[in-house]
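FYI, the numbering just counts along the sequence from 1.
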Amino acid sequence: MTPPTARTWAKRGLTPVIRVRGRSQRPFSVAALACYKQGERSRLIYRPKRHVDHKRGGRRSFAWTDYRDLLIAAHQQLGAPIVLVWDNLNVHKDRRLREFIDTHDWITCYFLPAYAPDFNPVEGIWSLLRRSSQVNTAFTDPDHLISTLRHGLRHIQYCSNLINGCLAETGLTMTTPRQQSQ
């Protein structure tokens, strides 16, 4: 992963340079759910996954079963039904994952419009993560990167105001339709 850069300092006349060898081969991925409930603290539920066979042509991203397991864990942690608002990632629209969602009444799923990352609060989480824990860091190995990511995500997880800010940045609000009495 190429490290993001931010402001730094150096002696006058010398430009700071961070040398990074190689390119990203995606040895691991992270999936996250930003969870909001009216009147309660916002929560972040995330799962990192290391891809051990990524160099031998194995999968370099989350499979539908990984997302299924994340949803089950979120349901157990939250103890409530889930209204899922997802982007149009191809795995999110996988037939088997759709069948899983359709067979469980505790999940309601909606999809964001195509090419609309501005409406996705989790994109804000990734931005916060890159600008805080990863900035100006050249990682020595995958273990260094994953421990830094876990630390950064844990920090965001315990600061519900950051998670709320990611929702506010999208311009979306938490409104529930009220049923009309008949």
Side-chain angles (χ1 to χ4, degrees), residues 1-10 16-37 40-55 58-79 82-92 112 116-172 174:
M1 176 173 240
T2 306
T5 55
R7 290 185 181 188
T8 187
W9 63 272
V17 176
I18 299 175
R19 297 205 193 294
V20 180
R21 293 186 299 167
R23 299 300 282 153
S24 171
Q25 295 183 11
R26 291 191 187 172
F28 61 91
S29 301
V30 182
L33 297 172
C35 306
Y36 305 95
K37 186 173 182 181
E40 291 189 18
R41 178 177 77 81
S42 298
R43 309 220 3 221
L44 176 67
I45 299 173
Y46 65 92
R47 294 290 181 272
K49 180 179 179 173
R50 180 170 244 156
H51 307 291
V52 291
D53 63 344
H54 71 282
K55 288 186 178 181
R59 188 170 187 91
R60 292 184 287 176
S61 62
F62 273 74
W64 76 271
T65 53
D66 300 318
Y67 285 106
R68 177 199 63 200
D69 296 343
L70 177 62
L71 291 172
I72 291 170
H75 178 60
Q76 290 172 348
Q77 285 183 26
L78 299 171
I82 295 174
V83 177
L84 190 62
V85 180
W86 259 349
D87 57 13
N88 288 289
L89 185 67
N90 59 354
V91 179
H92 295 168
L112 291 170
D118 296 344
F119 293 140
N120 190 348
V122 176
E123 296 296 335
I125 300 291
W126 302 140
S127 177
L128 284 172
L129 189 63
R130 286 184 64 86
R131 289 183 289 138
S132 61
S133 64
Q134 291 183 307
V135 71
N136 290 344
T137 304
F139 299 102
T140 56
D141 58 13
D143 292 328
H144 181 212
L145 176 58
I146 193 87
S147 67
T148 304
L149 286 174
R150 283 181 189 261
H151 178 75
L153 285 167
R154 203 171 307 117
H155 172 74
I156 294 170
Q157 192 175 32
Y158 291 118
C159 296
S160 60
N161 61 332
L162 293 175
I163 302 169
N164 290 339
C166 291
L167 179 64
E169 185 64 28
T170 65
L172 302 174
M174 290 189 299

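- When all heavy atoms of Leu33 and Ala74 are compared, the closest pair comes out as CD1-CB, 3.7 Å.
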Step-by-step side-chain contact (heavy atoms from CB on, under 4.5 Å) determination, Leu145 to Gln134: CA-CA 8 Å; Leu145 176 58; Gln134 291 183 307; 3.7 Å; yes
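- Annotation: the span from Thr65 atom OG1 to Ile72 atom CD1 amounts to 10.0 Å, rounded to 0.5 Å.
- Looking only at distances, no side-chain donor or acceptor of Asn120 sits under 3.5 Å from a matching main-chain atom of Trp86.
- A cation-pi contact, defined as under 6.0 Å to the ring centre and within 45° of the axis, is absent between Arg130 and Trp126.
- Under a 3.5 Å cut-off, the side chain of Asp69 and the backbone N or O of Asp66 do not form any donor-acceptor pair.
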Test side-chain contact (heavy atoms from CB on, under 4.5 Å) applied to Leu153 and Ile125, step by step: CA-CA 8 Å; Leu153 285 167; Ile125 300 291; 4.2 Å; yes
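- The minimum heavy-atom distance between Arg43 and Ile163, with the atom names listed, is C-CD1, 3.7 Å.
- Identified under the salt bridge (charged side-chain N to carboxylate O under 4.0 Å, His left out) test for residues 135-147, with sequence neighbours left out: Arg50-Asp143.
- Nearest approach of Ile82 to Leu71, heavy atoms of both residues: CD1-O, 3.9 Å.
- When every heavy atom of Leu128 is checked against every heavy atom of Cys166, the shortest pair comes out as CD1-SG, 3.7 Å.
- Using bins of under 30°, 30° to 60° and over 60° for the plane-to-plane angle, the ring pair Phe62/Tyr67 lands in the tilted bin.
- Taken to the nearest 0.5 Å, the CZ atom of Arg41 stands 10.0 Å off from the SG atom of Cys159.
- With hydrogens and angles disregarded, a donor-acceptor distance shorter than 3.5 Å links the side chain of Thr148 to the backbone of His144.
- Of all heavy-atom pairs spanning Ala32 and Val122, the tightest one is O-CG2, 3.8 Å.
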